[in-house]
Number of protein chains: 2
Amino acid sequence: MPVGNNNYLLIEIILMEAAEKFRLICEKAGLTVTHQRFVIWETLASLPGHPSPEEVYARVKGEIPSISLATVYKTIHLFMDSDLFHEVSLHHGSMRVETNPQPHHHLVCRVCKSITDIDAGQIELRMPPGELPGGFAAERYAVDVLGVCADCRKRG
Amino acid sequence: MPVGNNNYLLIEIILMEAAEKFRLICEKAGLTVTHQRFVIWETLASLPGHPSPEEVYARVKGEIPSISLATVYKTIHLFMDSDLFHEVSLHHGSMRVETNPQPHHHLVCRVCKSITDIDAGQIELRMPPGELPGGFAAERYAVDVLGVCADCRKRG
DNA sequence: TTGTCTGCAAATTCTTTGCAAGTTT
DNA sequence: AAACTTGCAAAGAATTTGCAGACAA
């Protein structure tokens with residue numbers, strides 16, 4: 001694997017301490033650096049799994065007792081808008097019912113958030129030959145293809 | 001394709017009118033048949049896409065003006081518990097942040113709802129040779145492997 | 001009948017907003 | 001100083017719950 005100039009920059013970033021790194025990230029994203037944001041960012045990066053805002057809030061409170069849940073929400077949204085983190089689920093805010101009985105997957109537009117079904121046969125999945133980690137018994141697969149729908153592409 | 005005895009049953013079910021079909025489904029699932037449930041079931045089956053409870057409620061109100069939103073919620077949950085329909089998203093009730101910067105997919109346990117990451121390299125995806133429906137521009141894939149985790153398998 | 005649903009209203013949970021005071025640039 | 005961010009409290013949205021009367025088996 002060839003090492004390009006970009007990789008030197010990458011290595012520098014990795015070696016930088018967290019605060020520096022965060023400063024750089026914020027600069028690139030056009031975000032103001034604040035202590036709250038730094039601690040929330042560090043906390044998110046350190047928490048394994050898929051933390052909820054409440055969990056992040058609880059953790060951050062250890063460092064900044066005066067932090068408010070509202071700030072955690074605002075900051076998480078800010079980070080997501082700047083692509084620093086993603087949300088785990090589509091439609092997290094409201095329940096949606098899957099009414100298509102056919103095996104299918106989803107085309108999810110990241111601009112307008114629309115979800116279109118695509119026949120399961122159109123996507124071929126291949127799992128590893130052995131077992132899945134920790135003896136997980138797979139039953140079915142749900143694939144979300146993330147991208148931009150035709151309408152949103154036309155609109156620029 | 002050989003036609004077994006099960007297929008005769010299947011054909012009968014298909015030919016049955018909706019009310020009969022619903023009665024059979026309820027019997028199999030051990031659910032009481034009510035008019036509200038029948039109309040909600042028909043509505044769900046007829047609505048394309050991924051309707052929210054509010055949308056279902058609005059539709060059903062046309063047939064049963066006295067229906068309440070609470071009943072719609074209760075019934076949708078009932079149907080989901082009986083596997084008549086699925087939910088589109090995991091974690092629909094609260095925001096979850098994806099903190100793993102590595103490309104990865106999810107192992108989702110349908111019993112305990114836990115979500116475990118699996119390296120993206122472990123799953124091979126193949127898309128159709130042509131374009132995706134309607135000129136959708138794919139950027140990345142998110143795969144949820146649904147099944148039962150090791151812990152829940154042990155517990156029976 | 002007997003147990004199970006339904007509709008209503010109140011309660012909860014999750015998230016957003018307005019604004020004054022505090023920080024960052 | 002100007003612009004932006006924070007914390008608080010109140011508002012809002014989405015969903016659940018308790019319960020009395022209505023319905024299904």
Side-chain angles (χ1 to χ4, degrees), chain A residues 19-20 22-41 43-44 50-82 84-85 87-97 113, chain B residues 19-20 22-41 43 50-58 60-82 84-85 87-97 113:
Chain A
E20 282 306 298
F22 183 63
R23 227 172 277 281
L24 199 79
I25 287 172
C26 285
E27 189 176 351
K28 211 163 87 182
L31 302 179
T32 302
V33 175
T34 72
H35 183 52
Q36 284 87 337
R37 287 177 183 176
F38 174 58
V39 175
I40 291 170
W41 175 79
T43 301
L44 283 171
H50 312 90
S52 66
E54 285 282 355
E55 289 174 279
V56 175
Y57 174 59
R59 279 283 193 115
V60 172
K61 243 187 164 165
E63 289 245 352
I64 312 175
S66 65
I67 193 99
S68 76
L69 183 56
T71 298
V72 172
Y73 270 100
K74 284 170 187 164
T75 305
I76 288 175
H77 278 135
L78 194 80
F79 287 169
M80 286 175 168
D81 291 345
S82 301
L84 271 53
F85 296 94
E87 213 174 310
V88 173
S89 292
L90 324 165
H91 286 149
H92 89 266
S94 71
M95 173 190 283
R96 295 306 179 92
V97 185
K113 311 293 179 193
Chain B
E20 282 306 298
F22 183 63
R23 228 171 275 283
L24 197 79
I25 287 172
C26 286
E27 189 176 350
K28 211 163 87 180
L31 301 179
T32 302
V33 176
T34 72
H35 182 53
Q36 285 86 336
R37 287 178 183 176
F38 174 58
V39 175
I40 291 169
W41 175 79
T43 301
H50 311 90
S52 67
E54 285 282 354
E55 288 174 279
V56 175
Y57 174 60
V60 171
K61 245 188 160 164
E63 288 246 350
I64 311 175
S66 64
I67 193 98
S68 76
L69 184 55
T71 297
V72 172
Y73 270 101
K74 284 170 188 163
T75 304
I76 288 176
H77 278 136
L78 195 80
F79 288 169
M80 286 177 168
D81 291 346
S82 301
L84 272 53
F85 297 94
E87 212 174 311
V88 173
S89 292
L90 323 167
H91 284 149
H92 89 266
S94 71
M95 173 192 282
R96 295 305 178 92
V97 186
K113 311 292 179 193

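Lettering follows sequence order; numbering is per chain, from 1.
- A:F79 has its CZ atom 11 Å from the P atom of D:dT5, to the nearest Å.
- Annotation: B:R37, atom CZ; neighbour count of heavy atoms from other residues, nucleotides and ligands within 6.0 Å is above 12.
- For the pair A:F38 CZ and D:dT6 C1', the computed distance is 18 Å after rounding to whole Å.
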Distance-only criterion, 3.5 Å: show the donor-acceptor pairs between side-chain atoms of residues 62-80 of chain B and protein atoms not counting sequence neighbours.
from: B:S68; atom 1: OG; to: B:T71; atom 2: N; distance (Å): 3.2
from: B:S68; atom 1: OG; to: B:T71; atom 2: OG1; distance (Å): 3.1
from: B:T75; atom 1: OG1; to: B:T71; atom 2: O; distance (Å): 2.7
from: B:H77; atom 1: ND1; to: B:Y73; atom 2: O; distance (Å): 3.4

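- Put simply, CH2 on B:W41 and CG on B:L31 are 12.5 Å apart, with the number rounded to the nearest 0.5 Å.
- Between the CG atom of A:L69 and the P atom of C:dT13 there is a distance of 14 Å, rounded to whole Å.
- Taking atom CD on B:E54 and atom C1' on D:dT16, their separation rounds to 14 Å, with Å as the unit.
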Identify all pairs in which a protein N or O lies below 3.5 Å from an N or O of nucleotides 4-8 of chain C, and state each distance.
from: C:dT4; atom 1: O3'; to: B:T32; atom 2: OG1; distance (Å): 3.4
from: C:dC5; atom 1: OP1; to: B:T32; atom 2: OG1; distance (Å): 3.3
from: C:dC5; atom 1: OP1; to: B:R37; atom 2: NH1; distance (Å): 3.2
from: C:dC5; atom 1: OP1; to: B:R37; atom 2: NH2; distance (Å): 3.2
from: C:dT6; atom 1: OP1; to: B:T34; atom 2: OG1; distance (Å): 2.7
from: C:dT6; atom 1: O3'; to: B:Q36; atom 2: NE2; distance (Å): 2.9
from: C:dG7; atom 1: OP1; to: B:Q36; atom 2: NE2; distance (Å): 3.4
from: C:dG7; atom 1: OP1; to: B:S66; atom 2: O; distance (Å): 3.4
from: C:dG7; atom 1: OP2; to: B:S68; atom 2: N; distance (Å): 3.4
from: C:dG7; atom 1: OP2; to: B:T71; atom 2: OG1; distance (Å): 2.9
from: C:dG7; atom 1: O5'; to: B:S66; atom 2: O; distance (Å): 3.4
from: C:dG7; atom 1: O6; to: B:K74; atom 2: NZ; distance (Å): 2.9

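- Atom CE in A:M95 sits about 11 Å away from atom C1' in D:dT16, given to the nearest Å.
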Set out, in order, the CA-CA distance, both residues' side-chain angles and the distance that settles side-chain contact (heavy atoms from CB on, under 4.5 Å) for B:E87 and B:S89, then state yes or no. CA-CA 6 Å; B:E87 212 174 311; B:S89 292; 5.5 Å; no

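- Neither OP1 nor OP2 of C:dT16 sits under 4.0 Å from any side-chain N or O of A:Y73.
- Atom NE2 of residue A:H35 and atom CZ of residue A:F22 lie 11.0 Å apart, to the nearest 0.5 angstrom.
- In summary, of the residues considered (A:R59, A:E55, A:K61), a side-chain contact (heavy atoms from CB on, under 4.5 Å) with A:Y57 occurs for A:K61 alone.
- Atom CZ in A:R23 sits about 10 Å away from atom P in C:dT24, given to the nearest Å.
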